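Report on the following structure.
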Amino acid sequence: MIKSYKTRFQKFSALLSDPEIAKYARQNGNHAFSRKRKMPLKDMLLCCLSKKGLTTTFELRNYFKEKGDLSMQLSVQGYLQQRKRLNPEIFPYLNRKYLMDFYRSDEPRLWKGYLLIAIDGSKAEVPNSKDNREAFGNSGNQHSGKWQVRALVSGMYDVLNHFYLDIEIEHICISENELAKRNLKQLKKFGIRKPVVAVFDRGYPSLEFIDFLETEGIHYLIRLSSNDYMAERKRMQSADEKVILKHSSARLQKIRKKHPERYEQMQKKGSTLVRISKSTLPSGNELALMTDLPDTITAEELADLYYQRWEIEKKYNTLKNKMKFESVTGKATVYVHQDFWAQVLVYNMVQDIRNSADEEAAAAGRENRNKYPMHTNENVAIGLFKETMLKILLEPEEKKRIKKLGELQEEMERYVLPIRELPGKERRKNISNKYKNNQKSSF
């Protein structure tokens, strides 16, 4: 039986050659990619996806070398001009098309019947140019100075199936709650049929945001900061109970100022009923979680569910440090959106193969009676995929493409690591070198 990821690759390869995708690749009102050029749309997309963080000259050279056409003469300036005509939204579109069949099937792993997603924001380095300073703003602190240009990225990550469903890229001053709303609105485009529970860290538990989640039919688990809803928490009779959050005039005024469209609805509603669960961390600090999940899910299960949110933190590290996510082609803002979204799609393609390779690695580990469960080395898997992606997607024959995918999975399975449960530690600022002896790049 053909592995399901191989079917998705076949469809994706066909989609890249479909003339219809040109309309998604055009910026508003232009007619780009309608004429024959030295670098047609398919080549442009594949060159973006195969990017390795090299100079543009070498990226082009390596692409045409893989294609078997080193004689192609295309200037860097000509390539970048074509890139400016490419609508960055083509990459989220391709990502949805790639994952859609998976989420409409019975394949997704669930947590107690829920699709488990984590949403979190992160600052991302972008080139320091006038365009990017205007688009994203400056970010600095007592350690770093004033003129660093950083974008705010909000990611929506499927924790159990290891896919990025969406990322939003915005100005550093935009509210993470507003970006999370944009993340969640993308769910409808995947045709997901299962109930969803979204896990958030501190910083998200506003009444207005909870109302948005309830309106959208999305279940939630949010960690509370020490000063969130303190009056209601002090009145709790037990460590886990239902709590009424009243829409007081002070709270409503904040909503009226920032979200006037929700003010009247929230005023009429009067209060919001939530469940708050409190426990103690190994450090001695309190872990307070707010949710709408039923009482049949225990406080211990809620805490375990919250800890699974850490996966999105690890995957930001993967994007930034293993996939060179922040190595942008040029200084124009359009390249930031193109490259960020393109690398998220590549990450999902790597992980799709790796999910299958991990199943085989785990089964082999059990058969060999290893002390710890085994999985494939993520860094090596990314390097292997980057090395072979173009060969696979440029292969015209379907049988040969399937064979190459199988060989890639088998090679990933040769590089395995144990999964060890390490004791939890408090997060701390670690000042270290960018290039480490034990974390070398795989491409």
Side-chain angles (χ1 to χ4, degrees), residues 24 27-28 48 86-100 103 115-127 131-139 149-159 162-190 192 196-206 208-210 212-213 215-216 218 220 222 258-259 261 309 311-320 323 325-326 328 332-348 351:
Y24 295 98
Q27 301 276 15
N28 291 336
C48 290
L86 180 65
N87 189 344
E89 293 287 343
I90 185 66
F91 294 107
Y93 168 76
L94 291 172
N95 190 50
R96 289 193 299 272
K97 294 292 283 186
Y98 183 82
L99 292 175
M100 204 171 283
Y103 283 104
L115 185 71
L116 176 57
I117 63 171
I119 293 179
D120 198 17
S122 179
K123 292 178 183 178
E125 180 180 319
V126 297
D131 283 352
N132 288 335
R133 285 195 294 273
E134 291 175 355
F136 303 118
N138 301 317
S139 173
V149 183
R150 297 290 184 265
L152 179 60
V153 174
S154 179
M156 178 167 63
Y157 184 73
D158 180 343
V159 173
H162 316 295
F163 292 128
Y164 265 103
L165 294 171
D166 182 53
I167 66 163
E168 297 293 328
I169 310 157
E170 261 297 351
H171 194 284
I172 196 71
C173 294
I174 295 291
S175 161
E176 288 191 21
N177 287 48
E178 295 308 306
L179 292 187
K181 291 177 188 177
R182 280 160 51 177
N183 289 138
L184 291 164
K185 284 184 178 293
Q186 296 297 319
L187 284 175
K188 293 177 182 177
K189 297 181 181 179
F190 286 90
I192 292 170
V196 173
V197 58
V199 184
F200 303 88
D201 202 9
R202 290 165 289 200
Y204 288 90
S206 73
E208 185 276 331
F209 186 61
I210 296 166
F212 166 82
L213 293 170
T215 302
E216 294 291 315
I218 295 166
Y220 58 88
I222 307 173
K258 295 182 179 179
H259 305 280
E261 74 282 359
R309 188 205 68 85
E311 284 299 310
I312 193 171
E313 303 279 4
K314 288 158 56 175
K315 296 314 171 185
Y316 274 131
N317 176 60
T318 297
L319 289 177
K320 292 178 180 181
M323 298 195 64
F325 176 78
E326 298 165 304
V328 177
T333 301
V334 68
Y335 302 144
V336 175
H337 289 89
Q338 289 170 356
D339 288 346
F340 280 19
W341 278 327
Q343 289 311 300
V344 165
L345 171 55
V346 172
Y347 167 83
N348 285 338
Q351 193 59 53

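All values reported here derive from a predicted model rather than from experimental measurement.
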Practice problem: Working to the nearest 0.5 Å, report the span between CZ of Arg96 and CG of Leu345. | Solution: 11.5 Å
Quiz prompt | Straight-line distance of Glu311 CD to His162 NE2, nearest 0.5 Å | solution = 7.0 Å
Exercise. Test Leu184 against every option in Leu165, Leu179, Asp166, Ile117 by the side-chain contact (heavy atoms from CB on, under 4.5 Å) rule and name the one that passes.
Key: Ile117
Exercise. Find out whether Phe136 and Ile172 are in side-chain contact, i.e. whether some heavy atom of one side chain is under 4.5 Å from a heavy atom of the other.
Key: no
Quiz item: Roughly how far, to the nearest 0.5 Å, is CG of Asp158 from OH of Tyr103?
Solution: 3.5 Å
Self-check item: pair Asn177-Phe212: side-chain heavy atoms closer than 4.5 Å
Solution: no
Quiz item: Which heavy atom of Leu152 sits nearest a heavy atom of Glu176, and at what distance?
Solution: CD2-CG, 4.0 Å
Quiz item: So, do Ile218 and Leu187 sit near enough that their side-chain heavy atoms are less than 4.5 Å apart?
Solution: yes
Self-check item: Side-chain ion pair, Lys181 and Glu208, N-O less than 4.0 Å
Solution: yes
Quiz prompt | Verdict with reasoning, His337 to Phe91, per side-chain contact (heavy atoms from CB on, under 4.5 Å) | solution = CA-CA 9 Å; His337 289 89; Phe91 294 107; over 6 Å; no
Quiz item: When rounded to the nearest 0.5 angstrom, what is the spacing between CG in Asp120 and CZ in Arg202?
Solution: 11.0 Å
Practice problem: Check whether any side-chain heavy atom of Ile312 sits under 4.5 Å from a side-chain heavy atom of Ile119, and report yes or no. | Solution: no
Practice problem: Using the six-membered ring wherever Trp is involved, compare the ring planes of Phe200 and Phe209 and label them parallel, tilted or perpendicular (cut-offs 30° and 60°). | Solution: perpendicular
Quiz item: Is there a side-chain contact (heavy atoms from CB on, under 4.5 Å) between Tyr316 and Val153 once you walk through the steps?
Solution: CA-CA 10 Å; Tyr316 274 131; Val153 174; 4.2 Å; yes
Practice problem: Taking all non-hydrogen atoms of both residues into account, name the closest pair between Ser154 and Ala180 and its distance. | Solution: OG-N, 4.0 Å
Quiz prompt | Student check: side-chain heavy atoms of Glu178 and Glu170 closer than 4.5 Å | solution = no
Practice problem: Determine the minimum heavy-atom distance between Ala151 and Ile169, stating which atoms define it. | Solution: CB-CG2, 4.0 Å
Self-check item: Interatomic spacing from NZ in Lys97 to CD1 in Ile90 - rounded to 0.5 Å
Solution: 10.5 Å
Exercise. For the residue pair Tyr347 and Tyr164, categorise the inter-ring angle as parallel (less than 30°), tilted (30 to 60°) or perpendicular (more than 60°).
Key: perpendicular
Quiz item: Can you name the closest pair of heavy atoms from Val159 and Ala118 and give their distance?
Solution: CG2-CB, 3.8 Å
Quiz prompt | Gap separating the CG atom of Leu94 from the CG atom of Asn348, nearest 0.5 angstrom | solution = 12.0 Å
Quiz item: What do you reckon, are the aromatic ring centroids of Tyr204 and Tyr220 less than 6.0 Å apart?
Solution: no
Self-check item: Shortest non-hydrogen contact from Asn132 toward Pro127
Solution: ND2-O, 2.9 Å
Quiz item: Would Asn87 and Tyr93 count as having a side-chain donor-acceptor pair, cut-off 3.5 Å?
Solution: no
Quiz item: For the residue pair Pro205 and Ile210, what are the closest heavy atoms and their distance?
Solution: O-CD1, 4.0 Å
Quiz prompt | Cationic N near anionic O, under 4.0 Å, Lys320 to Glu125 | solution = no
Exercise. Could you walk me through whether Phe325 and Ile167 pass the side-chain contact (heavy atoms from CB on, under 4.5 Å) test, one step at a time?
Key: CA-CA 12 Å; Phe325 176 78; Ile167 66 163; 4.0 Å; yes
Self-check item: Residue pair Glu216, Lys188: steps toward the side-chain contact (heavy atoms from CB on, under 4.5 Å) verdict
Solution: CA-CA 10 Å; Glu216 294 291 315; Lys188 293 177 182 177; 3.5 Å; yes
Quiz item: Do Trp341 and Asn95 have side chains that get closer than 4.5 Å, going by heavy atoms?
Solution: no
Quiz item: Between Pro88 and Gln27, is any pair of side-chain heavy atoms under 4.5 Å apart?
Solution: yes
